[in-house]
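Below is one structure; the comments refer to it alone.
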There are 2 protein chains.
Amino acid sequence: MKLQLQISMNEGLFLRNPEGSELGKSIIKQSIKLIHKNGFESFTFKKLAEDIGTTEAGIYRYFENKHKLLLYLTSWYWGWLEFQIVFHTNNIKDPSIKLKKVIKLLASAVEDDEQTSHVDEHLLHQIVIAEGSKAYLTKHVGDDNKQQFFKPYKDLCSVVGGIITECNGKYKYPKSLATTIVEMAHFQNFFMKHLPSLTDFTKTKTEADVIVFLNELVFAAIKK
Amino acid sequence: MKLQLQISMNEGLFLRNPEGSELGKSIIKQSIKLIHKNGFESFTFKKLAEDIGTTEAGIYRYFENKHKLLLYLTSWYWGWLEFQIVFHTNNIKDPSIKLKKVIKLLASAVEDDEQTSHVDEHLLHQIVIAEGSKAYLTKHVGDDNKQQFFKPYKDLCSVVGGIITECNGKYKYPKSLATTIVEMAHFQNFFMKHLPSLTDFTKTKTEADVIVFLNELVFAAIKK
DNA sequence: TATTTTTGATAGTATTACTATTATTTAGAA
DNA sequence: TTCTAAATAATAGTAATACTATCAAAAATA
């Protein structure tokens, strides 16, 4: 049996649902490759169109602009990650073990998931590390927020915050700690790779170190 | 006596030193206002030139492109902040008190500093919160790093890391904790303002809460 | 006063970020 | 199978962006 994982997306993010056609799926697939390769700044719909073998206007029928596409990709990622977390922490009773699992999932390189054929989760994870914050670091963050574009991100943080509260109901900053974990899982990975002197992981340069750092940080903070 | 604080800048950031002329200083002054007002994405040299009353080509004589200008502004900010930290923690013996002072300086809204007439530190602080990470979240982060463009940021983190080590010489992750403090001081402020449900500061929405959160986080982590 | 440096004015190019139109292909319903 | 509607391809065009180049005027300096 082959299961297809479907992530429900905010309809405001696209003009036409890319999941609904072959062209749409190849827009997603190739945009991930292209953004990963050249970065979001130099990514254009024209280059994407050439890559796919369609026209610029063809892409615009699906996405209003490249920022919406970035929001789509990051939303997809956060939705997917929330599912991974819920799935992998299912049946775990002990909230501390759950939280450790979550940190591991957040800070580990992701393997490509066969359940979602047109999305390369490994590349997408790298994109979210390097470009993810650009989704909300804009002047229109307020408008985008009103349209619920950050809901998947918020939902994920909320899940993590919930587990923190399960660990220690008296801890006063579960949400802020959750966002700290999520952001730092990415930032420490980015720094380790590109500006290693900002981290303490210069020798090994492995995600495992980031995980230990985050674990110690979090469990010290919520210790009863 | 009026002291003028001069921050030494990496020469690779500009083509002509903006500190050296009136036009240069107004480029700095107005770019801060304009980026603060409309955000970095919609900021162009043309608009800046119109604001100042010079031409696009006039700006290009000082800065190669707007990314270099952003690097210039953020570098200036980190240099200035490092000075503030060294200055305000001078003579403090107890490293814990020092660290608290640092967290406060990092997470507090900055007042405009009269010592630097052409730079509005308050606006610049807001810019660094909202746009600062775009300075290194690029595909050319490696090249920029080779040219030492992130030295001021690294130096600041290094100072903070040093104080952490003073507090507890056995703590294994002083650098990563330092970058966590620096980044989160900004991110929590950003989230508080724009995506408040990601934080626990929804009622008061004040920096004071961020400071308490960071203090608790940091001192729990480095507790002996 | 001569000369170097800095600025202003103008022009021009390639690329980006779109919009619009029409023809062609494809897929589904009758 | 044929008709119809939807999706795509092909082409064209525009305004703005991100620059570069040139030359004259002004200002500073020697």
Side-chain angles (χ1 to χ4, degrees), chain A residues 9 11-31 34-35 37-73 118 131 134-135 138-140 143-144, chain B residues 9 11-31 34-35 37-73 118 131 134-135 138-140 143-144:
Chain A
M9 301 296 292
E11 305 235 327
L13 290 173
F14 49 76
L15 299 170
R16 186 168 303 182
N17 192 344
E19 299 273 355
S21 73
E22 284 312 308
L23 178 60
K25 281 182 212 163
S26 60
I27 288 174
I28 301 305
K29 190 170 192 153
Q30 276 304 122
S31 66
L34 208 52
I35 294 173
K37 194 177 160 213
N38 303 322
F40 186 64
E41 270 69 48
S42 81
F43 169 80
T44 70
F45 279 4
K46 190 165 191 199
K47 291 176 194 165
L48 177 60
E50 276 159 21
D51 262 35
I52 296 175
T54 183
T55 58
E56 228 182 326
I59 318 280
Y60 277 105
R61 257 182 254 117
Y62 285 83
F63 291 99
E64 215 183 314
N65 53 50
K66 70 175 186 168
H67 188 255
K68 285 272 166 70
L69 177 52
L70 180 65
L71 282 170
Y72 183 94
L73 294 178
H118 61 295
E131 324 280 359
K134 294 171 193 170
T138 69
K139 273 284 155 178
H140 49 268
D143 292 334
D144 287 352
Chain B
M9 301 295 293
E11 305 236 326
L13 290 173
F14 49 76
L15 301 169
R16 187 168 303 181
N17 192 343
E19 299 273 355
S21 73
E22 284 310 307
L23 178 60
K25 281 181 211 163
S26 60
I27 288 174
I28 301 304
K29 190 172 191 153
Q30 276 304 122
S31 67
L34 208 52
I35 294 173
K37 194 178 159 210
N38 303 324
F40 186 65
E41 270 70 50
S42 81
F43 169 80
T44 70
F45 279 3
K46 191 167 191 198
K47 291 177 194 165
L48 177 60
E50 276 161 20
D51 262 33
I52 296 174
T54 183
T55 58
E56 228 182 327
I59 318 277
Y60 277 105
R61 262 182 238 120
Y62 284 84
F63 291 97
E64 214 182 316
N65 52 50
K66 70 175 187 167
H67 188 254
K68 285 271 164 71
L69 177 52
L70 180 65
L71 282 170
Y72 182 93
L73 293 178
H118 62 293
E131 324 280 359
K134 295 171 192 168
T138 69
K139 274 283 155 181
H140 48 269
D143 293 334
D144 287 352

Summary of protein contacts for nucleotides 13-20 of chain C, nucleotide by nucleotide, where a base hit scores B, a sugar-phosphate-only hit scores S (4.0 Å, heavy atoms): ---SBBBB
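- With hydrogens and angles ignored, no donor-acceptor pair closer than 3.5 Å exists between the side chain of A/R16 and the base of D/dA6.
- Following rounding to the nearest Å, A/N17 (CG) and D/dA6 (C1') show an atom-to-atom distance of 15 Å.
- For the pair B/E50 CD and C/dG8 P, the interatomic distance rounds to 14 Å; values are reported in whole Å.
- For B/S21, counting side-chain heavy atoms from C-beta on, the closest listed nucleotide (C/dT7, D/dT8, D/dT11) is C/dT7.
- The backbone N or O of B/S42 sits less than 3.5 Å from a side-chain atom of B/K47, completing a donor-acceptor pair.
- Between the CZ atom in A/F45 and the CG atom in A/L69 there is a gap of 5.0 Å [rounded to 0.5 Å].
- Between B/F63 atom CZ and D/dC19 atom C1' the separation is 16 Å, expressed in whole Å.
- Atom NZ of B/K25 and atom CG of B/L23 lie 11.5 Å apart (nearest 0.5 Å).
- In this structure, NZ of B/K68 is placed 10 Å from P of D/dC19, rounded to the nearest angstrom.
- OP1 or OP2 of C/dT7 has at least one side-chain nitrogen or oxygen of B/Y62 nearer than 4.0 Å.
- The distance from the CG atom of B/L34 to the NZ atom of B/K66 is 10.0 Å, given to the nearest 0.5 Å.
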Report all interatomic pairs (protein N or O, nucleotide N or O of nucleotides 3-5 of chain C) with separations under 3.5 Å.
none

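- In terms of position along DNA chain C, the nucleotide closest to B/L23 lies nearer the 5' end than the nucleotide closest to the other residue of the pair B/L23 and B/T55.
- In this structure, the CG atom of B/L15 is 16 Å from the P atom of D/dA18, given to the nearest Å.
- Distance CZ (A/R61) to P (D/dA7): 10 Å, rounded to an integer number of Å.
- Atom CD1 of B/I52 and atom NZ of B/K29 lie 11.0 Å apart (nearest 0.5 Å).
- A straight line from CD1 of A/I59 to C1' of D/dA7 spans 14 Å, rounded to a whole angstrom.
- B/Y72 and B/S31 form no side-chain donor-acceptor contact under 3.5 Å, judged by distance and modelled atom types alone.
- Look at CZ on A/F14: it is 13 Å from P on D/dA7, rounded to the nearest Å.
- Looking only at distances, a side-chain donor or acceptor of A/E131 sits under 3.5 Å from a matching main-chain atom of A/F40.
- The distance from atom CD of A/E56 to atom NZ of A/K46, rounded to the nearest 0.5 Å, is 6.0 Å.
- Taken from NE2 in B/H140 to CD in A/E41, the straight-line distance is 8.0 Å, to the nearest 0.5 Å.
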